[in-house]
2 protein chains.
Amino acid sequence: MDLSLPNPSWSKDMRLLFDQFMKKSEDGSWKHLPSYKNKFSRRIEDIKVFFPDAKLIKEKISQAQLFPRNFEEGLGFEYAMFHNHAEDRTVCIFQGGPYLQGAPGFLHGGAIATMIDSTLGMTALIAGGIVMTANLNINFKRPIPLCSVVVINSQVDKVEGRKLFLSCNIRSVDEQTLYSEATSLFVKLDPEKSLT
Amino acid sequence: MDLSLPNPSWSKDMRLLFDQFMKKSEDGSWKHLPSYKNKFSRRIEDIKVFFPDAKLIKEKISQAQLFPRNFEEGLGFEYAMFHNHAEDRTVCIFQGGPYLQGAPGFLHGGAIATMIDSTLGMTALIAGGIVMTANLNINFKRPIPLCSVVVINSQVDKVEGRKLFLSCNIRSVDEQTLYSEATSLFVKLDPEKSLT
């Protein structure tokens, strides 16, 4: 089940943005990226060269699920991503629910970091294949009100061998408020070396 | 209800570490920090000078709860923190459940960032009062296996006016594996200025 499609918890802003990007996707310049709780389940055979115990762990931990998708509808991370292949860019529209609170009335820094890592990670994955986050450097400029909608804009800045340098920012829907900025380093996994 | 006490989902490692730190707390050098879903609920009057709409938001969003405490027992973030006042240090023992998955069998980078922000934030809060995360810079050195127990060690490195510089690392229980390192900047909120 694709969890990046509109549901009754989505606000008007969230639906408007989704519709705008779906419209941009009609000519193929943008592409809607589906999202599942068990992101990697069908690819376990492809990746077990990197994580030799992944299959074992997966069997043992039968409940394992993708972190940002483990909340009831509307309470946690509601988001959808769109990718622009020509520009190596991904946009994530994100509505953070009441279970993501840090300071009262605002999103937890960890919830913001989670959506940043997810969006940058998706951009890096599309550009470089199987990657891991090596560094994440986030400037939190203004607190994000709980239950508001924000837009995360991410891009690949540079590729050096197995290293991918990406950056992103988080803005309000009207683009007038800059909430956060981040830079990151992702590393392509080397099939010659396992991580565990 | 204090959610930082042992429950049936805690592994043997988690219980052993908890008992060790409770023992260290007997002479008062360390102190166990309780943790609640509604962390700030009793302090809303104290903080509304910083967040003038916090009370309004809280009333509107009656479901608002502290992000890392919103999972069923054992599925998400199981953690307990202990503070050493003389050394301005906080230790967090953390068992990340199956709903925190990123790459298969491993914790999501955002889940790691969440516990880092929570631990550093608690250390900064004790040292400086009401603070906000301004910067978080994380190096992910090795992936953390799902359902394992790790130890986060955080400390205040420097205070300059309203700025608090903190750092932390995440290690395995036997301290042999360094999983992540982070530096951070927290800023004390100025009662003269509201954030919204």
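Order of the sequence lines sets the chain letters (A, B, ...), proteins ahead of strands, with each chain counted from 1.
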Out of curiosity, N137(B) CG to N135(B) CG, how far, rounded to the nearest 0.5 Å? 6.0 Å
Check the angle between the aromatic planes of H32(B) and F82(B) and answer parallel, tilted or perpendicular using the 30° and 60° thresholds. tilted
Among V187(A), L185(A), I138(A), which residue forms the greatest number of heavy-atom pairs with chain B at distances under 4.5 Å? I138(A)
Taking the six-membered ring of Y79(B) (Phe, Tyr or Trp), confirm whether the NZ or CZ of R69(B) is under 6.0 Å from its centre and within 45° of its axis. yes
Side chain, backbone, both or neither: which part of F186(A) has an atom under 4.5 Å from a heavy atom of chain B? neither
Once the angle between the rings of F71(A) and F77(A) is folded into 0 to 90°, is it parallel (under 30°), tilted (30 to 60°) or perpendicular (over 60°)? perpendicular
Between L107(A) and chain B, which part of the residue has a heavy atom less than 4.5 Å away: side chain, backbone, both or neither? neither
Among the listed options A182(A), G109(A), A111(A), the residue most often paired with chain B at heavy-atom distances under 4.5 Å: A111(A)
